[in-house]
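For the single chain, residues carry numbers from 1 onward in sequence order. Just so we're clear, the structure is a prediction, and the values are computed from it rather than from any experiment.
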Amino acid sequence: MGTTRITMTPGARRALAAASRLFYEQGIHAVGVDLIAAEAGVTKKTLYDRFGSKEQIVVEYLADRDDRWRAFVTQWLDRTEPGSVDRVLAVFDASKAWMTESSPKGCSMVNAHAEISDPAHPAYAIITGQKQWMLALFTDLVRDVAPTRADELARTLMLIHEGALVAHGLRIFPDPIGHARDRAGELLKDADDRP
């Protein structure tokens, strides 16, 4: 099921920037279109003219974050040697940098899923799609290091990674993503089964 996106006008971009900040800081359900319009300096009518509904604003918010995340992690991967353990660990390095720069409250997809668990919601596919992409990414990266155990190790790395993102947002202990990276490195060190 594809997600419908809108063409962004300058006013829509301003509204999306305001909505993105508010949704991330306060939660999707807590933020109404009146507040988004006020923060963006547009009328509520303009907001509905551009997006059609609050659901579409949520779709655009999550899709924009997903697009930016995928580009961000790809840049980190491009700096590493293909087929190396360092390439797998670069995902953790990218996550740590991303969280430090733009996600102090944890993963926006995990946070959104806490509020949107209905598969019929148009943003649900974006949330689950990002996590499916992450699993596929780990699987592809691990396949280069441990081809016979790629599926099993990728799932384990995904669980470690996602747990670290949640722990980062909760701030229970310092540097959970660095801790997760270290554990992932230990798993991968013993996993190399290339001929």
Side-chain angles (χ1 to χ4, degrees), residues 3 5 15-33 35-36 39-40 54-77 87-139 141-142 153-188:
T3 302
R5 303 282 305 273
L16 180 59
S20 296
R21 182 178 50 75
L22 292 165
F23 287 154
Y24 187 77
E25 290 173 0
Q26 298 179 26
I28 292 167
H29 292 318
V31 173
V33 291
L35 180 57
I36 295 168
E39 291 280 322
K54 180 182 174 183
E55 281 185 346
Q56 189 63 39
I57 300 170
V58 173
V59 165
E60 298 298 335
Y61 155 63
L62 293 172
D64 179 66
R65 281 190 73 99
D66 185 39
D67 290 346
R68 289 186 296 118
W69 162 247
R70 291 182 193 215
F72 189 82
V73 76
T74 299
Q75 289 174 350
W76 279 80
L77 292 173
R87 192 163 170 83
V88 181
L89 297 178
V91 176
F92 292 87
D93 296 334
S95 292
K96 186 173 180 174
W98 176 270
M99 291 300 204
T100 301
E101 292 172 19
S102 62
S103 296
K105 294 178 74 171
C107 175
S108 57
M109 297 298 164
V110 171
N111 296 348
H113 189 262
E115 297 188 69
I116 301 169
S117 58
D118 180 1
H121 192 289
Y124 187 84
I126 297 166
I127 297 165
T128 57
Q130 186 192 82
K131 298 311 177 183
Q132 290 164 347
W133 181 80
M134 288 299 299
L135 179 59
L137 177 64
F138 275 122
T139 303
L141 295 173
V142 172
L153 278 171
R155 289 179 183 143
T156 301
L157 291 173
M158 173 94 175
L159 290 171
I160 292 169
H161 180 264
E162 294 302 310
L165 299 182
V166 171
H168 172 84
L170 294 172
R171 301 182 193 279
I172 294 173
F173 61 90
D175 195 17
I177 300 172
H179 182 78
R181 183 194 193 281
D182 292 345
R183 299 299 74 75
E186 290 169 4
L187 277 173
L188 291 166

Q.
Please report the interatomic distance CZ(Arg70) to CD(Gln75), rounded to the nearest 0.5 Å.
A. 15.0 Å

Q) Glu55: what forms a salt bridge (charged side-chain N to carboxylate O under 4.0 Å, His left out) with it, not counting sequence neighbours? A) none

Q.
For the CG atom of Leu89 and the OG atom of Ser95, what is their distance to the nearest 0.5 Å?
A. 11.5 Å

**Q.** Trace of the side chain to side chain contact (heavy atoms under 4.5 Å, CB included) decision for Asn111 with Tyr24
**A.** CA-CA 8 Å; Asn111 296 348; Tyr24 187 77; 4.0 Å; yes

Q) Got a second to check how far Leu157's CG is from Thr139's OG1, nearest 0.5 Å? A) 9.0 Å

Q: Would you check if Pro104 and Arg171 make a side-chain contact, meaning some heavy-atom pair closer than 4.5 Å?
A: yes

Q: Return the set of residues passing side-chain hydrogen bond (donor to acceptor under 3.5 Å, both in side chains) with Ser20 (not counting sequence neighbours), or none when no residue passes.
A: none

Q: Using the test salt bridge (charged side-chain N to carboxylate O under 4.0 Å, His left out), find all partners of Arg87 that sit at least two apart in sequence or belong to another chain.
A: none

Q | Counterpart residues, salt bridge (charged side-chain N to carboxylate O under 4.0 Å, His left out), relative to Lys131 (two or more places apart) | A | Glu162

**Q.** Heavy-atom check, side chain of Cys107 versus side chain of Trp69, under 4.5 Å
**A.** no

Q. Does Phe23 have any ring pair (Phe, Tyr, Trp, His ring centres under 6.0 Å) partners at least two apart in sequence or in another chain, and if so, which?
A. Tyr61

Q | Residue pair Tyr124 / Ser117: nearest heavy atoms and the distance that separates them | A | CE1-O, 3.6 Å

Q. Which atom names give the shortest non-hydrogen contact between Leu16 and Ile57, and what distance separates them?
A. CD1-O, 4.2 Å

**Q.** Partner residues of Arg21 under the side chain to side chain contact (heavy atoms under 4.5 Å, CB included) criterion, sequence neighbours left out
**A.** Glu25, Glu39

(Q) Checking Lys96 now: which residues fulfil salt bridge (charged side-chain N to carboxylate O under 4.0 Å, His left out) with it, not counting sequence neighbours? (A) Asp175

(Q) Against Phe92, only a single residue in His161, His168, His179 fulfils ring-ring contact (aromatic ring centres under 6.0 Å, His included); can you say which? (A) His161

Q) Excluding sequence neighbours, so at least two apart, what forms side chain to side chain contact (heavy atoms under 4.5 Å, CB included) with Val166? A) Val110, Leu170

Q. Does the side chain of Met109 reach to within under 4.5 Å of the side chain of Ile126, using non-hydrogen atoms?
A. yes

**Q.** Listed partners of Arg155 passing side-chain hydrogen bond (donor to acceptor under 3.5 Å, both in side chains), at least two apart
**A.** none

Q.
Looking at Ile28, is its backbone amide N or carbonyl O close enough to the side chain of Glu115 to form a donor-acceptor pair, meaning the two atoms are under 3.5 Å apart?
A. yes

Q: Working to the nearest 0.5 Å, report the span between CG of Asp93 and CD1 of Ile177.
A: 10.0 Å

Q) For Trp76 and Ala97, which heavy atoms make the closest approach, and how far apart are they? A) CZ2-CB, 3.6 Å

Q. Passes side chain to side chain contact (heavy atoms under 4.5 Å, CB included), Leu77 versus Leu137? Steps please.
A. CA-CA 11 Å; Leu77 292 173; Leu137 177 64; 3.8 Å; yes

Q. How many angstroms lie between CG in Asp66 and CD in Gln130, if you round to the nearest 0.5 Å?
A. 4.5 Å

Q: Could you grab the distance from atom NE2 of His121 to atom CG of Leu62, nearest 0.5 Å is fine?
A: 8.5 Å

Q: Check whether any side-chain heavy atom of Val91 sits under 4.5 Å from a side-chain heavy atom of Phe138, and report yes or no.
A: yes

(Q) Could you report the tightest heavy-atom contact between Ile36 and Ala15, atom names first, then the distance? (A) CG2-O, 3.7 Å

(Q) Among residues at least two apart in sequence or on other chains, which ones pass side-chain hydrogen bond (donor to acceptor under 3.5 Å, both in side chains) with His113? (A) none

Q. With no hydrogens and no angle check, do the side chains of Arg68 and Ser102 hold a donor and an acceptor under 3.5 Å apart?
A. no

Q: Taking side-chain hydrogen bond (donor to acceptor under 3.5 Å, both in side chains) as the test, write out the residues that go with Asp67, two or more places apart.
A: Arg5

Q) Which heavy atom of Ala180 sits nearest a heavy atom of Ala164, and at what distance? A) CB-CB, 3.6 Å

(Q) Tell me every residue that passes side chain to side chain contact (heavy atoms under 4.5 Å, CB included) with Glu186, counting only those two or more places apart in sequence or in another chain. (A) Arg183

